[in-house]
Amino acid sequence: MKTIKYLVMGVMLAGFSATANAQEAELNAALDGIKSKAPNVAELAKTAYKKNKKNPEALIKVARAFYAQKDTANAALFANYANEAGKPKYQFAPAYLLLGDIESAYGTDGGKAAGYYNQAINFDKTNPEGYKKWAMVYRKISPSQAAAKLKEMKQYCPNEDIDAFTAHIYMLAGDEKQAYENFAKSDITKLDKSYLNEFVRCSYFTGHFEDALRAAEAGLKLEPRNPTFTRLAMFSNYELKNYEAAKVYINKYFNETDSAKFSEYDHFYTALIYQALEDKVNMYAEYDKALELVNDSSMIKRWSILKSVSDSYLKDKEFDNAIKYYNEYLACKPDVNFDDEEGLAIIYSKYGEADPTKKAEYIQKAVDLFRAAGEKFPVQQVYATYMAASNVNKLDDNMKNSLAKPDYLKVIELLGSKADRTKGEDIMLKTAYHYMMFNSYINKNVAGAKDYAGKILAIDPEYKPALEIKNLK
């Protein structure tokens, strides 16, 4: 009896094995046919379904194979077959994941895709894919709700790094501040190249240069020739005033990376590094390269570069070049404002003070520019008139010719009766009164000098020069 029993069992197991092998063979035939786009693919898939209609794992493989070939109709069909075959029915999470992928990639209803992913979460809370895919879809609607979903995932998937993925969601949503805050909480040693790339960018562009450098250096350990990591390591070192370290990265970036093209912004930043190192030859060479490459679509504008070049020449007291580049700056900058025009006046003023042979000519140019700017920008008229007076006074030896008198009188006219003066306006008015007080005194108008002294003391009761004039007999 025992022998017969074992023979029967052996026959049954052999039959089961043969059936399983046939099912697997037909499944593989269908998968291969879908991948190769065989002409009889529909027949192969139908046979695979008949043999595996109670096997959700097999059916979802067919569905995914169709999806890989962008055959969304059959992919959805077999995903639904798999869902129906699941036990219990219609609770097969992988089917909902694939249906969500189809809707997300090819549909028009993000809410529908999110709904599928939410079903996948409901039926398998320990699979992080549902949460991540839901968050990826929902980020377009509400990045903060997507982040909240990922926090929910943490209790069911404790080994998942939700901080890095949440940061990634915020980067895709264009919120670099929130991206940085989440990357900063993640374990940098576990971030791959793509996440490190996002970490370094959101750190740099939100002004967190130490973390930008940290992420860049971690990225360079993975890819020593990566241009993005090298570039932002260079920029971050500059922002952190690590100029010598930044210089090392200049060489690495331009000579030891896989970057095929360097931008005007690269050369501009490089010029700033050389400027900090007081390497003027390389600084001006890099500025020239930046000016050669810059165009209307550049991230940095031509006028910004020209202004930096002018400022550099002004710092070196190369006034002619400072004026040349500043005029080019004014010529190409849209919406020139008062500060822009004041900048040229200041260069002329400094030039006149530095070169006695040009003093009269260039100080007068500064005066004329301030007066013109005051007319052009009425809101700045007081300050412009005050600066014109201050400059023209440099051309007058001890007020002998009263050259600044008209401008200081204009300041008094504009501010003298103003009730709500600012502290700065009080200083300008007091200076104008001071000039008129001494101008009156040296021209033997003691009564007029005392009158101006009284006006000064109304602003500053302890101003000694005014007290001395006021006490004259």
Side-chain angles (χ1 to χ4, degrees), residues 9-107 109 112-137 149-150 152-162 165:
M9 288 178 65
V11 170
M12 289 176 64
L13 288 171
F16 177 78
S17 177
T19 301
N21 287 338
Q23 288 174 331
E24 186 173 351
E26 285 154 349
L27 173 63
N28 288 333
L31 295 175
D32 290 341
I34 294 168
K35 186 175 181 179
S36 64
K37 298 182 179 179
N40 63 334
V41 65
E43 193 176 319
L44 292 170
K46 185 177 180 180
T47 301
Y49 169 66
K50 286 180 178 178
K51 295 292 184 180
N52 293 276
K53 60 183 177 181
K54 293 183 179 181
N55 186 344
E57 285 78 11
L59 295 172
I60 201 68
K61 285 182 181 179
V62 177
R64 289 191 185 119
F66 275 124
Y67 181 69
Q69 298 301 318
K70 301 181 180 180
D71 184 344
T72 57
N74 278 312
L77 177 67
F78 273 83
N80 285 317
Y81 284 158
N83 202 12
E84 186 176 6
K87 294 181 180 179
K89 281 187 176 184
Y90 308 115
Q91 294 185 25
F92 188 53
Y96 288 109
L97 286 176
L98 184 55
L99 290 169
D101 289 348
I102 295 168
E103 187 62 39
S104 175
Y106 299 100
D109 189 345
K112 186 176 180 181
Y116 283 132
Y117 292 138
N118 207 44
Q119 287 289 72
I121 294 168
N122 289 338
F123 298 129
D124 186 0
K125 292 187 182 297
T126 62
N127 184 351
E129 288 305 303
Y131 300 93
K132 290 181 178 181
K133 290 175 182 288
W134 187 96
M136 286 290 284
V137 169
K149 196 72 168 182
L150 294 171
E152 178 187 324
M153 175 183 81
K154 188 67 175 176
Q155 63 181 306
Y156 298 104
C157 310
N159 295 324
E160 288 291 317
D161 185 352
I162 68 162
F165 194 78

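- The shortest distance between side-chain heavy atoms of Leu97 and Tyr116 does not fall below 4.5 Å.
- Judged as a side chain to side chain contact (heavy atoms under 4.5 Å, CB included), and not counting sequence neighbours, the contacts of Asp109 are Glu103, Lys112.
- Judged as a side-chain hydrogen bond (donor to acceptor under 3.5 Å, both in side chains), and not counting sequence neighbours, the contacts of Asp124 are Thr126.
- Of the possible polar contacts, none joining the Asn118 side chain to the Ala114 backbone as a donor-acceptor pair under 3.5 Å is found.
- Applying the side-chain hydrogen bond (donor to acceptor under 3.5 Å, both in side chains) test to Asn122 and every residue at least two apart in sequence or in another chain returns Gln119.
- Using modelled atom types, one side-chain atom of Asp71 and one backbone atom of Asn74 make a donor-acceptor pair closer than 3.5 Å.
- Under the rule for a ring-ring contact (aromatic ring centres under 6.0 Å, His included), the partners of Tyr96 that lie at least two apart in sequence or sit in another chain are Phe123.
- For residues 29-71, every residue pair satisfying the ring-ring contact (aromatic ring centres under 6.0 Å, His included) rule, not counting sequence neighbours, is listed here: Tyr49-Tyr81, Phe66-Phe78.
- Ser36 places a side-chain N or O within 3.5 Å of a backbone atom of Asp32 that can act as its donor or acceptor partner.
- Looking at Leu44 and Ile34, their side chains never come closer than 4.5 Å, going by heavy atoms from C-beta outward.
- With sequence neighbours excluded, no residue forms a side-chain hydrogen bond (donor to acceptor under 3.5 Å, both in side chains) with Thr47.
- Closest heavy-atom contact between Ala113 and Ser104: CB-N, 3.8 Å.
- One distance of note links CD1 of Ile162 with NZ of Lys149; it measures 13.5 Å at 0.5 Å rounding.
- A side chain to side chain donor-acceptor pair (under 3.5 Å) check over residues 84-95, counting only residues at least two apart or in different chains, returns nothing.
- When side chains are defined from C-beta on, Lys61 does not count as touching Glu57, because their heavy atoms never get closer than 4.5 Å.
- For Asn55, the side-chain hydrogen bond (donor to acceptor under 3.5 Å, both in side chains) criterion is met by no residue, not counting sequence neighbours.
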Expected list for residues 128-135: side-chain donor-acceptor pairs under 3.5 angstrom, two or more places apart:
{"residue": "Tyr131", "atom": "OH", "partner": "Lys125", "partner atom": "O", "Å": "2.9"}
{"residue": "Lys132", "atom": "NZ", "partner": "Glu160", "partner atom": "OE1", "Å": "2.9"}
{"residue": "Lys133", "atom": "NZ", "partner": "Asp101", "partner atom": "OD1", "Å": "3.2"}
{"residue": "Lys133", "atom": "NZ", "partner": "Asp101", "partner atom": "OD2", "Å": "3.4"}

